[in-house]
Amino acid sequence: MQSFQLGKIHPTANVSSSAELGKNVTIGAYSLIHDNVHLGDNSVVGPYCILGEPLSGYYNNSSYVNPRLEIGANSVIRSGTVLYAGSSLGDRFECGHQAIIREKTKAGIRCRISTFAYLQGECEIGDYVTIYGHVRVATGTKLGNYVWVNAYTHFTNDRTPPSQDLVGVTVDDFAIIASRVTILPGVHIGKDAFIGSMSLVRFDVPDETFVAGVPAKERGKVQDIISKKTNKPAYPWRYYFDRGMPWEGMGYDNWAKQAGITE
Amino acid sequence: MQSFQLGKIHPTANVSSSAELGKNVTIGAYSLIHDNVHLGDNSVVGPYCILGEPLSGYYNNSSYVNPRLEIGANSVIRSGTVLYAGSSLGDRFECGHQAIIREKTKAGIRCRISTFAYLQGECEIGDYVTIYGHVRVATGTKLGNYVWVNAYTHFTNDRTPPSQDLVGVTVDDFAIIASRVTILPGVHIGKDAFIGSMSLVRFDVPDETFVAGVPAKERGKVQDIISKKTNKPAYPWRYYFDRGMPWEGMGYDNWAKQAGITE
Amino acid sequence: MQSFQLGKIHPTANVSSSAELGKNVTIGAYSLIHDNVHLGDNSVVGPYCILGEPLSGYYNNSSYVNPRLEIGANSVIRSGTVLYAGSSLGDRFECGHQAIIREKTKAGIRCRISTFAYLQGECEIGDYVTIYGHVRVATGTKLGNYVWVNAYTHFTNDRTPPSQDLVGVTVDDFAIIASRVTILPGVHIGKDAFIGSMSLVRFDVPDETFVAGVPAKERGKVQDIISKKTNKPAYPWRYYFDRGMPWEGMGYDNWAKQAGITE
């Protein structure tokens, strides 16, 4: 294992003296850690990563100071990823290869951003959110907790490109966006909603509603979607799926009761 | 030519002592070759590549052993590509830049995987298959021989995301998937079928059938698609196109007869 | 700031002795500058870039000479980008991260090509063109001046893949292609046209025409699209948007008069 050894900083990695690395961190070969990066304990950074990529002000302001990039403990950043300065990413943050996350991104705990995803920055992401690869998240997007965003999905923000009329998309907790969905600027996706693959979403989607199509139209309630495997409803998914979720092994209801969560 | 010189291992490349490199191989600058990688004779690896990327077990198992990555002879792996450990890729394998291919991928001879493609692993690919860029191939996908997959196409596998109800797509020999096609889990695409650009394929497609649309519907037989250039049928393509194919310069019928292939 | 210091060539960068670097250029860590690259004054190249990537002839021709790659002054090439030899990119050229631009690409002044875009080469791009990320531009594409191409858009060129019947798309000045548009081979997009998000464009689009849908159909004139912010027409956009354009701060009409441009 040449490219990274757990708990070691590879001799070819280039770490700023103003970066603060937690205990037992791993930094892969040829990675670059800029000024003012804070990396939590036990985190692993693969090869060819850039943490704390300087913002555009660096190019023309000789007194530029790199804003703080905060990465929580027990995170895994895979090879080729670029994380700009000025973001805050919670504990157990996980990245695929070659993800790009720009400045002023706030992500909660245990978020996962996959390979070739692009987050334009100035967006807010809750806890336990999964964003698959080749996804684009425009500035101003707000995702709740436990949201799933499948591959190639595009959160847009410009109503009449090119313009300064930018307004982000908002997605509530537990919503599922299937793959290759385009959501137009300012749209609000309700809690537990399901957006079918390849939809173009022009209007708000109410809670627990299933929409699909180009343009997307209402197809029913999410409870109407039946799993071919179990022959029972597949949604709201939190009652049927738990891998990696805080209710893993105990069921959502038990966990919610124990955690004092009431709907 | 600084980044790689044919037949040379660049001094900045990092090659495991347990990797087995064939004769006359080229390794580009800053590339990382992990334990148990086997690279065939005359193969070329560009800069910034990772061959034998360790699987997730590496992160939490101190007795982890990197499974074998087999890459055939006369292969070309372009810059920034990540090939996980545990795959087997046939002779004359060719990769674009920054392709990601995960573990337990089996590919036959002369396969080509282009720039920004992502193969999730545990998939089977026949001989002479071409996968263009920005494509995603989910776990469980099976592609036959001489299959063409155009840009952005997505082979999915989760019927009700997120779930454990995963079932891959199967594509038979000589099928053509045009660009930006989404194929839903478990769908079977028949031999010589043609899927039009931007289709959402929900149901099986019979042999020699042309489908298109969102959702995809049958539009006719592939023989009905006429080339504007020749004013003759364009499909089945093996009778009209031969570049890089084993029948190049001799025609499919002659080659098939010589090779003892009967339909 | 470890990965690049403005005006410096990083000690880990690898620059060919036959490359010609202008005054005050910056080259980031681990970047590779091949033979016959010409980089204009004050340009910045981030880490892990390859400028002058050799063409396929390099692999099998021992007398191969790398064709000239010309990059204009005041350009910014972000990390992980690969620019092939044999292209010409005008002043103030700007690239996102991990863009791939192949040979024989001609781009005018102040073009911007974003993260994860792929240009297949042998295409012509005018002045002040913006190409967002995850876009694909096939060989033979011709884009006029002041064209905007939004994310995931695909300019195709093969009428009956796989074939040798390749014909590119042509886009006239000021046209807007929204995100996730697929334009079929040989289509001509008129001046000031607007193509809605997720369209499949099969036929030519006249000047000042708004089309959308799968397949795309005429929806009206671009003047019919009203900005929700201003409650006035949003197109032709050059009268309502000027950031980064040559008419910034003075209005299009004043600039055009001063520049002697008549429509």
Side-chain angles (χ1 to χ4, degrees), chain A residues 1-6 10 12 26 28-30 42 44 46-48 74 76 78-80 96-98 114-116 130 132-134 146 148-152 176-180 194 196-200 212-214 222 225-230 233-235 237-238 240-245, chain B residues 12-19 29-35 48-54 56 58-60 62 64 66 80-82 98 100 102 116-118 120 134-136 138 152 154 156 158-167 180-186 198-200 202 213-215:
Chain A
M1 285 305 148
Q2 270 63 26
S3 71
F4 56 96
Q5 255 195 299
L6 294 177
H10 196 277
T12 61
T26 305
Y30 307 118
N42 307 311
V44 176
Y48 317 120
N74 300 299
V76 176
R78 290 197 177 77
S79 72
H97 302 276
Q98 303 179 19
S114 297
T115 299
F116 302 132
T130 301
Y132 283 97
H134 289 104
Y146 312 106
W148 294 78
V149 179
N150 285 279
Y152 299 107
I176 303 289
I177 322 286
S179 67
R180 191 119 57 200
F194 183 96
S197 191
M198 249 176 149
S199 298
L200 175 67
V214 183
V222 299
I225 304 174
I226 303 299
S227 163
K228 286 190 183 178
K229 192 178 185 183
T230 65
Y235 299 95
W237 63 271
R238 62 184 175 279
Y240 314 106
F241 182 87
D242 66 2
R243 201 180 57 197
M245 296 293 129
Chain B
T12 62
N14 206 328
V15 180
S16 163
S17 59
S18 82
Y30 307 118
S31 278
L32 304 164
I33 316 295
H34 283 280
D35 295 350
Y48 316 121
C49 289
I50 303 176
L51 304 191
E53 170 82 1
S56 59
Y58 174 62
Y59 296 86
N60 47 37
S62 62
Y64 173 84
N66 215 29
T81 286
V82 179
Q98 303 179 20
I100 312 284
R102 289 184 52 191
F116 303 131
Y118 177 76
Q120 205 184 356
H134 290 104
V135 161
R136 296 180 68 83
Y152 299 106
H154 188 196
T156 68
D158 190 348
R159 279 182 173 140
T160 54
S163 83
Q164 306 279 24
D165 183 16
L166 305 181
V167 50
R180 191 119 58 200
V181 171
T182 298
I183 307 183
L184 294 190
M198 249 177 151
S199 298
L200 175 67
R202 298 165 64 193
V214 182

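First the proteins, then the strands, lettered A, B, ... as listed; each starts at 1. Keep in mind that the numbers below use all heavy atoms, side chains included, and drop hydrogens, waters and symmetry copies. Since the model is a prediction, treat every value here as computed from it, not as a measurement.
Rounding to the nearest 0.5 Å places OH of Tyr59(B) at 13.5 Å from CG of Asn74(A). Distance check, rounded to the nearest 0.5 Å: CD of Gln98(B) to OG1 of Thr115(A) gives 11.5 Å. Separation of atoms OG (Ser179(A)) and CZ (Arg136(B)) is listed at 9.0 Å; rounding is to 0.5 Å. Taken from OH in Tyr48(A) to OH in Tyr48(B), the straight-line distance is 9.0 Å, to the nearest 0.5 Å.
Under the 6.0 Å cut-off for aromatic ring centres, His134(A) and Tyr118(B) do not qualify, their centroids lying 6.0 Å or more apart.
Heavy-atom pairs under 4.5 Å with chain A peak, among Val214(B), Thr160(B), Val82(B), Asp158(B), at Thr160(B). Ranked by non-hydrogen atom pairs under 4.5 Å with chain B, the options Arg243(A), Arg180(A), Lys228(A), Arg78(A) are led by Arg180(A). Among Gly80(A), Ala151(A), Gly213(A), Gly96(A), the residue making the largest number of heavy-atom pairs under 4.5 Å with chain B is Ala151(A). Contact count versus chain A (heavy atoms, under 4.5 Å) is highest, among Asp165(B), Val167(B), Leu184(B), Leu200(B), for Asp165(B).
The ring pair (Phe, Tyr, Trp, His ring centres under 6.0 Å) test applied to His97(A) returns Tyr84(B), not counting sequence neighbours. In this structure, Tyr240(A) has no ring pair (Phe, Tyr, Trp, His ring centres under 6.0 Å) partners at least two apart in sequence or on a different chain.
Using a 4.5 Å heavy-atom threshold, the side chains of Leu6(A) and Ser62(B) count as separate. Pro162(B) is not listed as a side-chain neighbour of Thr130(A), based on a closest heavy-atom distance of 4.5 Å or more.
Remark: Arg159(B) CZ is packed, more than 12 non-hydrogen atoms of other residues, nucleotides or ligands lying under 6.0 Å away.
Listed here is the closest heavy atom pair of Ser163(B) and Phe241(A): CA-CD1, 3.6 Å.
Contact of Thr12(B) with chain A is made through backbone and side chain together, with heavy-atom distances under 4.5 Å. Only the side chain of Asn150(A) comes within contact range of chain B, with at least one heavy atom under 4.5 Å from a heavy atom of that chain. Heavy atoms closer than 4.5 Å to chain B are found nowhere in Ala178(A), neither backbone nor side chain. If you measure heavy-atom distances from Ser56(B) to chain A, you find no contacts under 4.5 Å at all. For a residue to count as touching a neighbouring chain, one of its non-hydrogen atoms must lie under 4.5 Å from one of that chain's; by this rule Ala117(B) touches chain A with the backbone only.
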